[in-house]
Novice: 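My structure is below; once you've seen it, I'll send some questions.
Model, not experiment: these values are computed from the prediction.
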Amino acid sequence: MSDRNEIKNQQEALPIFDHRDGLMDAIHNHNVLVIIGETGSGKTTQLPRYVIEEFKNTRVGVTQPRRIAAISVAKRVAEEYGCRLGDMVGYTIRFDDTTSSRTRLKYMTDGVLLREATMDPLLEKYDLLIIDEAHERTVETDVLFGLLKRTKAKRPNLKIIIMSATLNVTKFSDFFDECPIYEIPGRTYPVEILHSRDISKLGTLKSGYVAKTIDTVMHILSKEVRSGDAGDILVFLTGQNEIEQACQELKNVVLEKEKEDRESSSTSSSSRAKSVSLDRLQILPLYASLELLDQNAIFGSTPRNCRKIIFATNIAQTSVTIPNICFVVDSGFVKQKMYDPTTGMDALLVVPISKAAATQRAGRAGRTRAGICFRLYSRESFETEMDDETVPEIKRTGLTGTVLSLKQLGILDVNGFEFLDRPGEEELSAALRELYLMGAIDQYGRMTDVGHGMVMYPVNPLLSRSLVEAEKIGCLDQAIVIAAMLSVEEPFYMPRKEKEQEAANLAHDHYRHPSGDHVTLLNVFEAWQDENYSKDWCHENYFNYRHLRLARSIRSQLRDIVDRNSHHKKDTQKCSSNDQQESQHPHDRKNLGGNSSDSKQSAKTSSSPSLSQLIRQAFSQGYGIHLSKKHQHRPMFYHYLASMLSPSAGAASGTTSSSLLALHVSPLSALYLDEERSLTKYGRKVSRSLEWIFYHEVVYHVKAVMRYASKIDDVKWVQDTMDRVKNFDRGNVWLNGERSEGQLDGMARDVAVDGGETEDSANTKRGSENPAEGESDEQAKKRARLEMVEAARKRALVRRQNQS
DNA sequence: TGTGGAACA
């Protein structure tokens, strides 16, 4: 009883409580509404509950960018509502669905809703949808925006609420015909912001910000003392290495200072500065890949007279809230992915944050009481050098998967789709080109049967294409394992100490398959399976248990999808006319359904290809756009497609330096000969038998290295892709087709290319007042981004040259 | 001497 009263008191103390009537009126009167309120206003937990209480029988969906948020919020709301989780209130995330037929309020990740939309584009399960944390602008959120706008046109009664933290939300409102904006005041404490007096440009600060954070922390420790307890410190840096380094460095500096203090206190009678002692400090790193997020150390309260200093990545800006932070030290930088559509590769770069991000970081100091934010950059840099907002993710990543799901949603003319922020023309074209070359869409931009097969699988398009092929030639079970392994982070664990590295390499060697890394991954998984998915086995053999476990979940999800679908197929096959293209594949006749024992047996028969060959055949279809061919005289490879298509590369970049295209076999790859690995770290020779290989992705090591590569035994395996490359190169038929097939608004594409203006594009671009100027500004920014990517690559290459 | 930031289906 007292529990319930306490809950009630807490609820009524939230700022949103006084706005209940106003909000309900607004939702009654408007079908689309933007609500802004800082974290702590109660909007995420309270508003959806108000809605299901106020509107009887309304089915409400609330999306979150992150799984933990969906889970924890749903749990709390169920408790507050007084029901069991999964009854009236529940959540759905990948691998975990707690909802039931009685659930009326469902929290989920935005990816889940997007996935549901591919089955049911009208989203008829919901009467009201709330997109929460819209300011984070994940790709999924952005696509949902465009999708909901279309859905609303067909279901005018659907209610949509956009919830966001920042004040700069006119963009959201404009997108939905200038719908009303409702503001809930936040409940935060004032944060004093101190800028650095160093007026260097951000570019120069980049080299020295780690050292400066240490200085600043030392300053806070010795000078900034608040009454009572001192208040914890949060430092924003960019990456794991940097953070570990900073933690160590701070410890060293503090030790030195201690020594100094002891010496000076023995000579002089009193020191004005507060003395600092290492045993009264907790210095903690915080980044996502930290083995176990030490809950108590980071989130728990510190002992008396003890101070926490946390060095964190951006994870502390959005995903994780640490209590009792009083001081924030903001380096002004972040690591961001940048995608280069001309090569289809991306690079991870340290770039300045945006003004919005800086404000958010500063806000972390004022959650429990008034605080101070130290910025390591000048006010001028903040005002003039930083972008207002972080570039939305959708403009920074490859869009192949996104475009394919849009096609599945029935959006044939992707160029005419209304994006909240339009991705670059080159990125869209690159995505369409890749889909065409994979055989997922035809020259008119229409989805093929292959494409329909691909969207079933919630994995990277390269992998889903491989799975479609694997089903066709009868090695689906194995391909699913490999696809799952490729969907998780590095399963091979490599210790830091050199001696242990040798042991790890030896352990890994045991599973390496001469044909390459794909079969190797299968070997690893099957070995682990044979050991009953043992954790100890992972440790003994240097594999990452967490990642393998995730791979296992993904594998079973993929198998479920296959099972469900094959039942469906059996049901419909008899009555529908079979207009599927006749396959010319030699192995097509046998074993279409293919369970593992069958295909293993068939692999044994002398005339058929081996299982390893079947698998690589399947994957070489999926990786048709990731082909590389060996250089005739040198131990390197060339990106095959880029060399075929590069003349058509974007005019904006103009950067097609041939050095880009030189790819190397990773020393960690099964294709990299053992004796070389023991000779030199980045050896020179690759097996002579290698001619063609396919690879999963390229990473920038000391040079461009192919991560997960396998042999192609016969160039016929990739003949289909090569034929499509030739077709594509000859006529660009598909681009014309995309335009003529799309309805009128397909013209938007011409606008973007020519810089002209039509009525249709004026509609799609509403919100930017001066399209011509906005466009060129965009282009300039994009060029700058591409140049940064290019610079990073050059640096990597220079490092390599210095090394040899 | 070093590749990865953080998230999701």
Novice: With A/Y91, which of A/T99, A/T98, A/D96 fulfils side-chain hydrogen bond (donor to acceptor under 3.5 Å, both in side chains)?
Specialist: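 When side-chain hydrogen bond (donor to acceptor under 3.5 Å, both in side chains) is applied between A/Y91 and each of A/T99, A/T98, A/D96, only A/D96 qualifies.
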Novice: Quick one: classify the glycosidic conformation of B/dG5 as syn or anti, with syn meaning within 90° of 0.
Specialist: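 This nucleotide is in anti.
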Novice: Just to be sure I understand the rule, does A/T238 reach a base, reach only the sugar-phosphate, or reach nothing, if contact means heavy atoms closer than 4.0 Å?
Specialist: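 Here A/T238 touches the backbone only, sparing every base.
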Novice: Provide, to the nearest angstrom, the distance between the CD atom belonging to A/E393 and the P atom belonging to B/dC8.
Specialist: 12 Å
Novice: Answer with base, sugar-phosphate or nothing: what part of the nucleic acid does A/E116 contact at a heavy-atom distance below 4.0 Å?
Specialist: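 No contact at all - A/E116 keeps every heavy atom at 4.0 Å or more from the nucleic acid.
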Novice: Report the residue (A/V699 or A/P65) whose heavy-atom-nearest nucleotide on DNA chain B is the more 5′ of the two.
Specialist: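 Looking at the nearest nucleotide for each, A/V699 comes out on the 5' side.
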Novice: Write down the distance between OH (A/Y493) and P (B/dG4), rounded to a whole number of angstrom.
Specialist: 18 Å
Novice: Answer with yes or no whether A/R115 presents, from its side chain, a donor or acceptor under 3.5 Å of a partner atom in the base of B/dA9.
Specialist: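 It does not, because no donor-acceptor pair links the side chain of A/R115 to the base of B/dA9 below 3.5 Å.
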Novice: Whole-Å distance between B/dA6 P and A/Q336 CD?
Specialist: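 In whole Å, B/dA6 P and A/Q336 CD are 13 Å from each other.
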Novice: Find the distance A/D120:CG to B/dA9:P and express it as a whole number of Å.
Specialist: 19 Å
Novice: Mind checking whether A/F619 and A/H518 have parallel, tilted or perpendicular rings, split at 30° and 60°?
Specialist: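 The arrangement is tilted - the two ring planes meet at 30° to 60°.
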Novice: At under 4.0 Å between heavy atoms, what does A/V459 touch on the DNA or RNA strands: base, sugar-phosphate, or nothing?
Specialist: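 Base contact.
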Novice: On a heavy-atom basis, which atom in A/H135 and which in A/Q360 lie closest, and how many Å separate them?
Specialist: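 Looks like NE2-NE2, 4.3 Å.
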Novice: Side chain of A/S319: nearest nucleotide among B/dA6, B/dG4, B/dA9?
Specialist: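 Minimum distance to the A/S319 side chain belongs to B/dA6.
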Novice: Counting heavy atoms from C-beta on, name the nucleotide in B/dG5, B/dA9, B/dA6 closest to the side chain of A/R396.
Specialist: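 Between B/dG5, B/dA9, B/dA6, the one nearest the side chain of A/R396 would be B/dG5.
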Novice: Nearest to the side chain of A/K337, which nucleotide is it out of B/dG4, B/dC8, B/dA6?
Specialist: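 For the A/K337 side chain, the nearest candidate turns out to be B/dA6.
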Novice: Go nucleotide by nucleotide along DNA chain B from the 5' end; which of A/G111 and A/N241 gets its closest nucleotide reached first?
Specialist: A/N241
Novice: Return the value, rounded to whole Å, for the distance between atom CD of A/Q245 and atom C1' of B/dT3.
Specialist: 15 Å
Novice: Please report, rounded to the nearest Å, how far the P atom of B/dA9 is from the CZ atom of A/R564.
Specialist: 15 Å
Novice: Is the distance between the ring centroids of A/Y511 and A/F543 less than 6.0 Å?
Specialist: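 Ring centres of A/F543 and A/Y511 closer than 6.0 Å.
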Novice: Below the 4.0 Å mark, does B/dA9 have OP1 or OP2 next to a side-chain nitrogen or oxygen of A/T109?
Specialist: yes
Novice: Write down the distance between CD (A/Q557) and P (B/dC8), rounded to a whole number of angstrom.
Specialist: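 Nearest whole value for this atom pair: 14 Å.
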Novice: Check for me whether the distance between the ring centres of A/Y209 and A/Y377 falls short of 6.0 Å.
Specialist: no
Novice: Counting heavy atoms from C-beta on, name the nucleotide in B/dG4, B/dA6, B/dC8 closest to the side chain of A/E140.
Specialist: B/dC8
Novice: OP1 or OP2 of B/dA9 versus the side-chain N and O atoms of A/R67: is any pair under 4.0 Å?
Specialist: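 Checking A/R67 against B/dA9: at least one side-chain N or O falls below 4.0 Å of OP1 or OP2.
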Novice: Once the angle between the rings of A/Y708 and A/F492 is folded into 0 to 90°, is it parallel (under 30°), tilted (30 to 60°) or perpendicular (over 60°)?
Specialist: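 If you compare the ring of A/Y708 with that of A/F492, the planes turn out tilted.
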Novice: Using a heavy-atom cut-off of 4.0 Å across all strands, would you classify A/R66 as base, sugar-phosphate, or nothing?
Specialist: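 It contacts sugar-phosphate atoms only.
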Novice: Is the phosphate of B/dA6, meaning OP1 or OP2, less than 4.0 Å from a side-chain N or O of A/T313?
Specialist: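 Answer is yes, contact under 4.0 Å.
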Novice: For A/I554, answer base if it contacts any base atom (sugar-phosphate contacts may also be present), sugar-phosphate if it contacts only those atoms, and nothing otherwise; contact means non-hydrogen atoms under 4.0 Å.
Specialist: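 The residue A/I554 makes no contact with any strand.
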Novice: Which nucleotide sits closest to the side chain of A/Q501: B/dG2, B/dG4, B/dA9?
Specialist: B/dG2
Novice: In whole Å, I'd like the distance from the CZ atom of A/R137 to the C1' atom of B/dC8.
Specialist: 17 Å
